[in-house]
Amino acid sequence: MKPDWPALFFSSIGVILAIIAWAIFAPLSLGGGTGYVLITGNSMEPEFQTGDLVLVRPAASYQVGQAVTYFSADLQRYVFHRIIAEESGRFTLRGDHNTWDDPYHPDSSEIIGAYWLRVPGAGKLIEKMRQPWAAVLLVLVAGGLIATMFIRTKKDEKQPGSTGKTIQQRWVDWITPRLKPSKAVVVRHPAEPAGNFDSQLPGWFTGLVEPALFILGFITLASLILGFFAYLNPAQIEKTEYLPYQQVGVFSYGAQAPAGLYDAQQIQSGAPVFTKINCAVDIQYTYLLSAQDLGPVKGTAQLTAELSDPGSGWKRSFLLSQPAEFSEPTFTTSGKLDFCRMQAVAAEMETQTGVSPNFYIVTVRPEARVEGTLSGLPFTPEFQPELRFQLDRLHAFVLRENEETDPLRPSQEGLFEFRYPAANQLKAFGLAIDVPKARILSLIGLAISLGLLALLAWLVNRAARQNPAALYKMKYGAMLVDVQAGRSPASQRAIDVASMDDLARLAERSNAVILHEASGSQHIYSVEGQQLTYRYSEQTGAGLEQPRELANWLNLKRAVDRGEFKVFYQPIVSLSDEKITAVEALLRWQHPRSGLISARDFIAAAESTGMIDTIGEWMLGTACAQVNQWRNAGHDIRLAVNFSRRQLEHAPEEIIERVLRQSGMEASALQIEIPAADVMRSPDELLPSLRRLKALGVHLSMDGYAGEESLNTIAELPLDSIKIDRLVIERYHQPEDAEYIGGLITAAMNKGLNVVAEGVETESQMDFLRSRLCTQAQGYLFARPAPAEEISLLLAGSEPVHPNGE
C-alpha cells in the first residue's frame, strides 16, 4: 500500500504544534509553566474585567509596575494585583481600581507569576463548566455523539463536502487498509471465501463490534470528562477550621485594716482604699487559658501600673513585679500597689507644673506573653486586661465601665484559625471522589478503553486484509441483504461504480438496501432503482471502463467537495432610471484544468446524475446569504435563481424555506425562474409546486419566453413576471418582429405580469424597449456576470448603471 505522504506530513505538523502548545500553555498543576487566574472582582478595572481569564508565567525576578498573582491564605483564593513598591525583598501590591494596599506583602517565592495573556470572558465559561450541571450536560452531549455512530442520515449527503459516512464507517476506514481502484471500476483483490473471516475470528465477533465500539467510546469519553474536571481542579486544598478558646483573668487586692472600720480586718477586693489608713495594697493577678486539644503552654508575666492625668495626658509608669516565667495554662503573679507613693509623685508634678487635677487614674496591667500549641499548631493568644482605680487626695476606688461586666474578672473568647491541607473532591449526583483518585481513575479508564480499541482495531484490520467482504459486512452490516447467487437484477441496465463507499452513498440517498451475492471468491453488491441498477464487485480478472454517467457523477461530486463551484451575479436594471433592481445568480465551475466553465456545459450531467439537488441547494444558499447582505447594506434588490423541472418536482418549497431561514432573507426578495419549455410541457404537473412556492411569498417568473406559449395559459399559472428570450429581442430591427415584440410586452403587462428583456447588448435595443414601455432589462450592455465583489462595487456607486457593459 502506497504511503499517504500528505497525511503523514500534516499529522507530523499537528503533533509538533500540539507539543509546542503544551510547552507554552501547560498549567502549573501539571508541571507546565502557565498559571490560569479567574478574575472575580473589580479591583483591576478597567483593564481587567470580572469574568476574564488571565494567564501568568513565573519570572526570575519581578519589577514594580508588573501585575502578578499570589495565593492569599486569609482570603483562600488567588489575588491578582499590581506591584507598586518593593522593600527588603517583599512587595507591596495594590489593585488598579483600589485606593488601599494589600495587607499581605509576598516575596518572590510566593508570587505565582506575572501577567502574560488575557482571554476576555473565558473565566465565566470555566466557572460554569465547574458546576455539576455542566458535567451532566457534557455526558449527555457525549452520549449523543456516540449514538450518532450508528445513525445514518440522508441530510449529511445533501451538504456540500459531506462524505455521507457514519462515525462507525469512518472508524472502520481508519483501522483497515484503504482499498483504492486505479483506472478500472472493479477493485481487484485476492478475495477469499467468506468463511475465511470466521477462521480468523470467532463467529460472534462481528456482532459485537458495534456494541463494543459504543461501550468503549462511552468509557473513553467518560474518562476524558472525569480527567478534565480532575485536572481542572487542584489535587489538594487548604481547609480551615476554627477552634474556640477562652482566656480569663482574676484581679484581687487586700491589706490590713483597723478594727471597726470595715466588716473584716482585711480590705476586700472591690472595696475603696483610704490612703490615710492604708498606703499600699497587695495586688494579685491570676490567668487561666482553656481550650480543647490544648498543648503545652509557657511564657513570661509581670505586673505594671500607670499613673495618669486624663485632662493633661501626663502619665508615669511603675513596676509592681519582676518578670517571671510560667509553664502551665494557669499562672499567678503579684505585687504591691503603693497609692501613697503615687500621691507623692502627683503632688510633685503639681508643684512643678502648677496643674492641679481633681483626681488621677491608676491602671494596673498584667503584661504576659503566652506561647503554646493548639491541635499541634503554634498558638500565641493575646489578652490585655486592665484594672483601673480613680485616685484622689483621700482614697482610691475601682472604676466600673458598666454594670454588666466585672472589672475584677475580665474574660475574652476567641477562635483559633486552624488550616491544614486536604484532598480536594469532585461532587456530582450526591457522590464525592477525591481529585487524586479521580485523576488515577480517569487515566486507568482511558488506558483500558484505548487499549481495547487498539486491540479491536488490530483484529478488524487483520481480518479485513484477509477478506475485504468481511470489511464490508462490518461497515455496512445493517444495509446488506444476502441474496442467492446468480440472481438477475430487476432493471435492464447496470452501472458499475468505483468503490463500495460510492455504492453505499447511492443506497443511502435512495433509501435502499445493498444486495449481496457471493459465489466463491466473487462478491457482487448492487443497489436497485426504478430504471437502473448500480453495482460493485470484488473479483479477479479484467475490469470494466468507467461508464460516462459514473464519471460525470464522480467529477461533480469531487467539484462539490473541493469547493470548485462559484456563484456569479448579473444585474437586472430598470429601464426608467438604469438602476439595479435585481441580480440573477449564475453557476460557474472553476475547473482546475479547464478553467471557468459555464453552467450550460455541465448542468445536463448534474441533472442526469442527481447532483443537481446538492449543487442547486448550495447555490441557492450562497446567493441568498450574499443578497441578504446587500439588502442589509441598504440596496433594495431581488435575487433571481433558475430552477429546473427536476428541482420543482422534488419538494422545492422545503429547500427554499430552509435556505431562507438559514440566510435570513425575506421570501419576497427571492424570484424563482422556470424555463418556459419545462413549464409548458406539462403545466398541470408543476402547478401544485408553483402554488406552494407562491404561498411562501416567493416571486415566480417564466424564463426564456418566446411567444409560442399562449398568454392565457400562462395567466392561469401563479406567475409574477416573464423574461423575453434574447433570440426574440435580437429581431427587434425587423418591422414585423418589432411589432410582435411590442405586442408581447403589451399583452403581458395587461395580464398583470412584469416584463424583463434578456440579452440586451446595444443602445438601440435599449431605446426600442423603452419605446415599447418595457420595464426592465438584462444583458451585456449593462453588466456581464461577475463575482459578488465586483457587484458590490457596482451597487456602492451612486450613479445609475451606465450602458457600457463594464
Side-chain angles (χ1 to χ4, degrees), residues 567-587 599 616-617 619-644 647-648 652-653 655-676 679 690 692-705 714 717-724 745 748-749 751-760 769 774-779 781-797 800-801:
V567 180
F568 279 41
Y569 304 87
Q570 186 175 26
I572 300 173
V573 303
S574 171
L575 289 177
S576 61
D577 55 12
E578 298 178 19
K579 290 187 177 181
I580 300 175
T581 59
V583 291
E584 181 179 357
L586 301 170
L587 187 63
E617 183 171 353
M619 174 187 173
L620 180 64
T622 303
C624 285
Q626 179 60 64
V627 171
N628 192 54
Q629 181 179 341
W630 285 330
R631 290 174 62 84
N632 290 337
H635 305 294
D636 187 15
I637 62 174
R638 184 176 293 164
L639 170 65
V641 180
N642 280 282
F643 261 50
S644 68
Q647 290 174 285
L648 292 173
E653 68 279 0
I655 297 175
I656 292 174
E657 190 173 16
R658 179 169 61 250
V659 170
L660 289 175
R661 184 172 59 254
Q662 293 172 351
S663 65
M665 193 176 78
E666 299 176 0
S668 59
L670 177 62
Q671 178 172 297
I672 300 300
E673 299 187 350
I674 308 103
V679 176
L690 295 180
R692 289 194 295 270
L693 292 178
K694 191 66 178 178
L696 288 179
V698 174
H699 286 250
L700 299 177
S701 176
M702 178 181 288
D703 188 24
Y705 180 70
I714 293 176
L717 300 174
L719 298 176
D720 298 283
S721 64
I722 62 170
K723 298 180 75 172
I724 300 179
I745 295 174
M749 295 178 65
K751 297 290 185 181
L753 299 173
N754 184 41
V755 180
V756 180
E758 293 183 300
V760 179
L769 293 169
C774 183
T775 55
Q776 292 176 308
Q778 175 182 2
L781 176 65
F782 307 103
R784 294 175 178 270
E789 295 79 8
E790 298 183 20
I791 301 300
S792 296
L793 296 176
L794 195 59
L795 289 171
V801 177

Worksheet item: Are the side chains of Gln778 and Val573 in touch, meaning some heavy atoms are under 4.5 Å apart?
Response: no

Worksheet item: Tell me, do Ile572 and Lys723 make a side-chain contact under 4.5 Å, heavy atoms counted?
Response: yes

Worksheet item: Got a second to check how far Arg658's CZ is from Leu620's CG, nearest 0.5 Å?
Response: 10.0 Å

Response to the item:
Taking every heavy atom of Cys624 against every heavy atom of Ser663, the minimum-distance pair comes out as CB-OG, 3.5 Å

Item to complete: Determine whether Leu769 and Ile745 make a side-chain contact, defined as any pair of heavy atoms from C-beta on separated by less than 4.5 Å.
Response: yes

Worksheet item: Going through the checks in order, is the side chain to side chain contact (heavy atoms under 4.5 Å, CB included) test met by Tyr705 and Val756?
Response: CA-CA 10 Å; Tyr705 180 70; Val756 180; over 6 Å; no

Fill in: Exercise: identify the closest heavy-atom pair between Ile791 and Ala786
CG1-O, 3.9 Å

Discussion item. Tell me the closest heavy-atom pair linking Leu753 and Ser721, and the distance in Å.
Written reply: CD2-N, 4.0 Å

Fill in: Note, Leu690 side chain near Ile674 side chain (heavy atom, < 4.5 Å)
yes

Worksheet item: Taking all non-hydrogen atoms of both residues, which atom of Pro652 and which atom of Phe643 are closest, and how far apart?
Response: CB-CE2, 4.0 Å

Discussion item. Side chain to side chain contact (heavy atoms under 4.5 Å, CB included) for Ile637 and Leu795? Distances and angles first, verdict last.
Written reply: CA-CA 10 Å; Ile637 62 174; Leu795 289 171; 4.1 Å; yes

Fill in: CZ on Arg638 to CE on Met665, rounded to 0.5 Å
10.0 Å

Worksheet item: Can you tell me if Gln647 and Asn642 form a side-chain donor-acceptor pair at under 3.5 Å?
Response: no

Worksheet item: Nearest 0.5 Å, what's the CG-CD1 distance between Asp703 and Ile724?
Response: 11.5 Å

Worksheet item: Leu693 and side chain to side chain contact (heavy atoms under 4.5 Å, CB included): which partner among Glu653, Glu657, His699?
Response: Glu653

Discussion item. On a heavy-atom basis, which atom in Val760 and which in Ala777 lie closest, and how many Å separate them?
Written reply: CG2-CB, 3.8 Å

Item to complete: Starting at OG1 of Thr622, measure out to CE of Met619 and round the result to the nearest 0.5 Å.
Response: 9.0 Å

Worksheet item: With side chains defined as the heavy atoms from C-beta onward, is the minimum distance between Phe568 and Pro787 less than 4.5 Å?
Response: yes

Worksheet, complete the sentence: d(Ser576 OG, Gln776 CD) to nearest 0.5 Å is 9.0 Å

Discussion item. To the closest 0.5 Å, what do you measure between CD (Gln570) and CD1 (Ile580)?
Written reply: 10.5 Å

Discussion item. Using only atom types and a distance under 3.5 Å, with no angle test, would you say the side chain of Asp720 pairs donor to acceptor with the backbone of Leu700?
Written reply: yes

Discussion item. Set out, in order, the CA-CA distance, both residues' side-chain angles and the distance that settles side chain to side chain contact (heavy atoms under 4.5 Å, CB included) for Gln671 and Val641, then state yes or no.
Written reply: CA-CA 6 Å; Gln671 178 172 297; Val641 180; over 6 Å; no

Item to complete: Write down the atom of Ala788, the atom of Gln626, and the distance for their closest heavy-atom approach.
Response: CB-OE1, 3.5 Å

